[in-house]
Amino acid sequence: MAEKSDAWGSRVGLILAMAGNAVGLGNFLRFPVQAVQNGGGAFIIPYLICFLVMGIPLLFIEWSSGRFGGKFGNHSTPYILDSMVKGRVLKYIGVFGIFTNLAVAAYYCYIESWTMSYVFHSIGGTFVGMSQADVAAFFGNYVDISHSTTGIPYEAVVFYVICLVINTYILSKGLKGIEKVAKIGMPLLILFGAVLAIKGLTLGDSGASEIFPDANAWDGLNFLWTPQYSSLLDLKVWMAAAGQIFFTLSVGMGTVHCYAAYLEEKDDVALNAVSAGFMNEFVEVVLGSLIVVPIAAGYLGLDWVIQNAGFGMAFQTMPYLFQQWGPALAMIAGVLWFGLLFFAGITSSLAMGTPWIGFMRDEFGWNQNKGAWSFGFIALILGLPTVIFFQEGVFDEYDYWAGTVSLVVFAMLETILFSWVFGMEKGWPAITNGADIKVPIIYKYIIKFVTPVMLIVIFVGSLFKPKDNDWSGNLSNLFSGNSWVLDNGSIIKTITHAGIREQIALATDPSVIA
Ligand code: MET
C-alpha cells in the first residue's frame, strides 16, 4: 500500500479521460459490425436495455470501488478489492484486472498502429487510383509482415513498436499526460467524426453506380436506427448487445477502478460515471452509426454491407470509398478517419497501462516511469505473436480470451462481491456519497439483483453457446429430447483442443478475414 502519488488536474480532464477510456476502436469498428450482424434496428433495443441495467450499474460499481480503494492509497484492482473485503482470494480476482489489460493492450495497440500507418498512407496518396480489390489486398500485404508497403522493412512491426513507445512515453508522465491527450484527442475525435458523419448523412444516393444502382446511404441509417421488436426474444442478439456494452464501456477490465482510485473521498462518482458513460454512448450510437455503414451503403448498397459487415471494412473498404471524392478530399477524409481511430484508440490504450503501473506501485513501490516502461515492454512481448502470426489467428485468440471472456468473468465476480459480499448497505453510500445527482433508488435494487443475474446468465450462456449461435433452435431441440450442440465459439468447446484447432482453421480461412 502506497501513498496517493498522483491526482487528476481537473474534473473536465477526469471525465474526458474516463470517456476516452470508453470511447475506442470498439465504437467505430465493433459497434457498427455488431449492429449490422444482429439485424440493425433489432440490436438497438437490447443494446440500450443492457446499457441501462448492466452498463450504468457496472460503471457505478467500478467508479465507487475505485474511489473507495483509493482512500486507502490503493491504485490497482487486487488492492482495491482487498480494501473492500479482506481475503486473499479477492486479490486473485483482482489480478484479472491486471492481466486482461496487458493482453488487451498488446493486440489493441496493434490495431492502433495500423491507424497511424494508414494516416501516413492517406497523406502519401497510396490509395489513389486503387480498385476496391487493390485496397483490400494492400491490407492483406500490410499484415503479412514480410511484405513492405512503403519500403520500410517489417513496416507493420515498426509502426507497432512506435505506437507502443508513444503510449509508454505518455504513461511515464502520469495522469497529467493522460489528461492532456484526452483533452486534445476527445474534442478532435468528435470534430473529425462529425465531419465524416455529415458526409455520411448527405451522401444519399449520389454514390449509386451501374454496379450498385440501388445504393443509398440512408438505407444504412434506416437499417440501424429503425427499432425492430421481433428479436426481443432472441438470446443471440442479447448476448451480442451485452458483449458490446462491456467492450465499449471498458467495464470488467479494471481500468475504471484505477482511474477512479485517484479521486478524493469527497469527490462525486455518480454524475461523473453517468456523464462519461453517456458521452461514450453518444459517440457510439450517433457517430459510430453515421460513418462506416451509411458511407458503404451509399456506394455499395445495403445488401453489400449486410453480407460483408466485418472488422476489415474500416481498413479494406473505406480508403477505396474515400477515393470517390477525388484525391484531395480522399486524403482529408483518410486523415480524419484514421486520425479519429487513432485518438479513439490511444485514449483507451493509455487506460490499459494504468492497472499494471498501479499494481507495481502498490506491491513494490515502483515509480511511474519504471511502471510505464515495464508495461510497454510486457505489452511488446505479449503483442509480438499477434503481429507475427496475425494470419494464423493468434490475434483472434487474444480478442476472444482477453477482450471477451475475461471481461464477463471479472464483471460477474466483482458485481457479486460488491452487491453481496461488500453488501449494498456499504455499497449504496459508496456510490451516493458526495454525489452531484440524486441516483434513482431503483438502481440499488438493479445492482443487487438484476445486474448479477444478467451477468451470471451471460456467463453461463457463453459457456454453453449453441452451434451457429442458434438459441431458439437448440432450445426447442433440447425440449424435444435432443442434445444441445455446442458452438466452436463457446468457452467450453474452445478450451478443448479440437475447439482451438477448428477456430484456428476458421481464422486462417482467407474468406473469413476478408
Ligand atoms: N472501450 C474501448 C473500446 O471501445 C476499449 C475496449 S478494450 C476491451 O474500444
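Every number for a ligand or one of its atoms is a count from 1 in the order of the listing. Computed from a prediction, not measured in an experiment: that's the story for all the values here.
- Remark: among candidates Ala22, Gly26, Ala344, the nearest residue to atom 2 (C) of ligand 1 is Ala22, based on non-hydrogen atoms.
- In this structure, Phe138 has its ring center under 6.0 Å from that of Phe127.
- Taking the side chain as every heavy atom from C-beta outward, Ile49 and Trp238 approach each other to under 4.5 Å.
- In summary, the aromatic rings of Phe338 and His121 are positioned with their centroids too far apart to meet the 6.0 Å limit.
- Of the protein's heavy atoms, Tyr108 OH, 2.6 Å lies nearest to atom 9 (O) of ligand 1.
- Atom 6 (C) of ligand 1 has as its closest protein heavy atom Phe247 O, 3.2 Å.
- Ligand 1 places these atoms under 4.0 Å from at least one heavy atom of Val104: 7 (S).
- Between the side chain of Trp337 and the backbone N or O of Ala314, at least one donor-acceptor pair lies under 3.5 Å.
- Partner of Cys163 under the side-chain contact (heavy atoms from CB on, under 4.5 Å) criterion, chosen from Val161, Ile166, Asn167: Asn167.
- At a heavy-atom cutoff of 4.0 Å, ligand 1 is contacted by no atom of Asn280, backbone or side chain.
- Contact between Asn21 and ligand 1 is present, with at least one heavy atom of the residue lying under 4.0 Å from the ligand.
- Between Leu249 and ligand 1, no pair of N/O atoms sits closer than 3.5 Å.
- Under a 4.0 Å N-O distance rule, the pair Asp267/Arg11 does not qualify as a salt bridge.
- Annotation: Tyr443 is in aromatic contact with Phe60 [ring centroid separation under 6.0 Å].
- Checked by distance only, ligand 1 and Ser348 stay at 3.5 Å or farther apart across all their nitrogen or oxygen atoms.
- Listed here is the closest heavy atom pair of Ala19 and Ala276: N-CB, 4.0 Å.
- Of the protein's non-hydrogen atoms, Ser250 OG, 3.4 Å is the one closest to atom 5 (C) of ligand 1.
- Listed by atom number, the atoms of ligand 1 under 4.0 Å from Thr248 heavy atoms are 1 (N), 4 (O).
- Contact between Met253 and ligand 1 is present, with at least one heavy atom of the residue lying under 4.0 Å from the ligand.
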